[in-house]
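Not measured: the values here are computed from a predicted model.
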Amino acid sequence: MPMNDENHRDYTIPGDERYSPADPETATFFQTRCTVPRTALCLKVPNTSGEELVVHRENDQDYVFLFESLDDAYDYAIEASQALDFAPNVGRVLLRDLHFANARYKPALSEQIDLVLRTRY
């Protein structure tokens with residue numbers, strides 16, 4: 001999708017395949033308010049061959065950080081490096097390949113939201 005503003009780039013990967021959240025309320029929200037691409041940017045732990053991702057633990061649940069915009073991902077990596085003993089790398093992942101139940105997703109033009117990736121069995 002081309003953007004009209006010359007100072008803004010759309011970093012989403014085009015494609016017909018979109019992620020479908022497992023939670024019905026979240027699914028309704030995304031169907032009516034925003035689109036989640038099949039891939040997203042994330043923060044990766046350096047020197048792990050991209051295998052480990054930066055997560056946030058809250059109320060015994062892990063949230064992986066996902067971003068639509070490269071600018072947001074880099075800004076958050078800088079903030080995270082101040083709290084961690086390392087500077088995270090920014091990389092791209094397929095949402096269907098993630099083994100996390102929850103994500104903190106930051107769309108390019110709106111506030112961060114929590115996203116259910118998988119339901120627990």
Backbone N/O of Pro107 and side chain of Glu68: donor-acceptor pair under 3.5 Å: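 Flag not set: sc Glu68 to bb Pro107 has no pair under 3.5 Å.
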
Linked, directly or transitively: Leu70 and Phe67 (ILVMFWY side chains, under 4.5 Å):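 Looking at the clustering, Phe67 is in the same group as Leu70.
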
Transitive ILVMFWY side-chain link Phe65 to Phe86, under 4.5 Å: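 Same hydrophobic cluster.
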
Separation of Asn59 CG from Gln61 CD (nearest 0.5 Å):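 Separation between the atoms: 7.0 Å.
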
Do [X] and [Y] touch side chain to side chain, with heavy atoms closer than 4.5 Å?
| X | Y | result |
| --- | --- | --- |
| Leu43 | Val90 | yes |
| Leu115 | Leu117 | yes |
| Asn102 | Asp114 | no |

Tyr63: ring pair (Phe, Tyr, Trp, His ring centres under 6.0 Å) partners, not counting sequence neighbours: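 Counting only residues at least two positions away or on another chain, Tyr63 forms no ring pair (Phe, Tyr, Trp, His ring centres under 6.0 Å).
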
Results of side-chain hydrogen bond (donor to acceptor under 3.5 Å, both in side chains) for Lys106 - residues two or more places apart only: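 Only Asp72 meet the side-chain hydrogen bond (donor to acceptor under 3.5 Å, both in side chains) criterion with Lys106.
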
Asn89: side-chain hydrogen bond (donor to acceptor under 3.5 Å, both in side chains) partners, not counting sequence neighbours: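 If we apply the side-chain hydrogen bond (donor to acceptor under 3.5 Å, both in side chains) test to Asn89, skipping adjacent residues, there are no hits.
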
Per-pair distances, 0.1 Å, donor-acceptor, side chain in residues 45-58, under 3.5 Å, sequence neighbours excluded:
unit_1 : atom_1 : unit_2 : atom_2 : d
Thr48  : OG1    : Val45  : O      : 2.7
Thr48  : OG1    : Glu52  : N      : 3.4
His56  : NE2    : Glu58  : OE1    : 3.1
Arg57  : NE     : Asp62  : OD1    : 2.8
Arg57  : NH2    : Asp62  : OD1    : 3.0
Arg57  : NH2    : Asp62  : OD2    : 3.0
Glu58  : OE1    : Arg104 : NH2    : 3.2
Glu58  : OE2    : Arg104 : NH2    : 3.3

Distance-minimising heavy-atom pair for Val93 and Lys44: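 Scanning both residues, the minimum pair turns out to be CG1-CE, 4.1 Å.
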
Residue pair Ala87 / Ser81: nearest heavy atoms and the distance that separates them: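 Heavy atoms only, the tightest pair is CA-CB, 3.7 Å.
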
For Ala40, all residues meeting side-chain contact (heavy atoms from CB on, under 4.5 Å), sequence neighbours excluded: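 Here the qualifying residues are Leu66, Leu95, Tyr105.
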
Pairs touching residues 77-89 that satisfy salt bridge (Lys or Arg N to Asp or Glu O under 4.0 Å), sequence neighbours left out: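 Of all non-adjacent pairs touching residues 77-89, none passes salt bridge (Lys or Arg N to Asp or Glu O under 4.0 Å).
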
